[in-house]
Amino acid sequence: MTTYRCYFIQKNGFPAAWRAFESKSDEEAHDHALGLLVAFPHAERVEVWDEARLALDYSRSAMQTPAELRRLCYLAIAAAKKEADPKIRQIIASCAARIAQDAEALARNAN
Amino acid sequence: MMPDRTELQARYQIDPADEQNSDALFREKLLLLMPWLRAFSQSLCRDATLSQDICQQALCKAWEARGTFRPGSNLRAWTFTILRNELYNHRRRTWRYSSFDDGIALNLAGPNDEQLWAVHLADAVRALRTLSPEQRKAFMLVAIGGLNCEEAAAKCNCPQGTVKSRVFRARRSVLAALNGTTKALYNSRGPIGETTHQLISDLDVLLASEERHDQTQLPA
């Protein structure tokens with residue numbers, strides 16, 4: 001298991017918050033970080049660091065399609081299940097629900 | 001936003017008693033600060049590549065100077081100051097440089113009479129062949145190799161005055177050859193490139209042989 005650090009970056013480029021978590025691989029860490037991102041609506045980007053290596057730099061603007069939003073919702077629910085802090089777990093779950101609604105609305109508009 | 005010391009100590013299982021001497025804690029703190037440093041660097045530099053370079057240099061300097069950091073003081077402010085000073089140093093060093101533009105360089109006109117200069121060079125190389133070996137060696141070491149008379153005297157293993165006189169006579173002979181008063185100049189005509197390469201390789205041989213000579217003089 002590797003300890004990753006996940007930073008939620010504001011529009012001005014500076015981190016607004018950060019969390020550390022353990023993951024087996026970069027891919028798993030990416031998914032977990034994206035799941036956590038939904039709980040930080042003011043964050044523009046998320047950066048995942050493994051020691052001094054930048055493992056992921058993901059911008060919220062990349063999530064535009066209903067399919068991406070659904071995937072994000074799924075990742076958020078998975079991240080909420082792993083989260084130990086019940087307060088944060090609740091925040092992630094409620095944000096995931098809102099994103100699911102957004103995804104449905106986008107899909108309806110597209111149709 | 002930054003984790004406090006007790007949180008870091010608990011997370012990385014660092015004994016507070018060893019904190020002052022702990023490079024591990026300093027390293028962890030530096031690693032945690034990296035996104036802030038990157039953001040600060042980007043806000044100062046307004047250039048992605050330069051900001052990464054400055055950030056990396058600042059991190060290296062912070063790590064090298066970790067012994068001067070006072071535990072308990074603000075590490076973020078300390079590293080930010082290092083980064084800002086690094087940028088100031090960079091700007092102070094680079095203001096006099098401008099970037100090399102390949103497009104402009106390709107369109108620059110070459111020097112006039114380029115071929116004529118090559119011919120003059122070839123003539124000078126041939127003029128050197130008119131000199132005696134001793135004069136040629138002294139002249140090449142001083143005029144082409146850039147050594148002063150004292151160094152050349154040491155290389156030639158002769159007094160400094162001898163080198164000066166040899167160089168003086170060599171200059172006079174070369175000038176005479178170039179003015180056409182010495183027929184020997186045109187006795188051997190080879191390709192210009194070859195003569196130039198020959199000159200450079202002769203100088204290399206001279207300097208290398210003298211280095212070997214110096215080494216042989218070292219006490220065993």
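Atoms considered below: every heavy atom in the structure, side chains included; atoms not considered: hydrogens, waters and symmetry mates. Just so we're on the same page: letters track the sequence lines, and every chain starts at 1.
Of all residues in residues 37-45 of chain B, those placing a non-hydrogen atom less than 4.5 angstrom from a non-hydrogen atom of chain A are Arg38(B), Ala39(B), Phe40(B), Ser43(B). Annotation: residues 50-61 of chain A contacts chain B through Glu51(A), Ala52(A), Leu54(A), Asp57(A) [non-hydrogen atoms, separation under 4.5 Å].
Few gaps surround CD on Glu22(A); more than 12 heavy atoms of other groups in view lie less than 6.0 Å from it. The environment of Gln56(B) atom CD is sparse: at most 12 non-hydrogen atoms of other residues, nucleotides or ligands sit within 6.0 angstrom.
Annotation: side chain to side chain contact (heavy atoms under 4.5 Å, CB included) contacts of Ala78(A) (sequence neighbours excluded): none. Here Cys158(B) pairs with Cys156(B), Thr162(B), Val163(B), Arg166(B) under the side chain to side chain contact (heavy atoms under 4.5 Å, CB included) rule; sequence neighbours left out.
Heavy atoms closer than 4.5 Å to chain B are found in the side chain of Tyr7(A), but not in its backbone.
With a 4.5 Å cut-off on side-chain heavy atoms, Leu32(B) and Trp18(A) count as touching.
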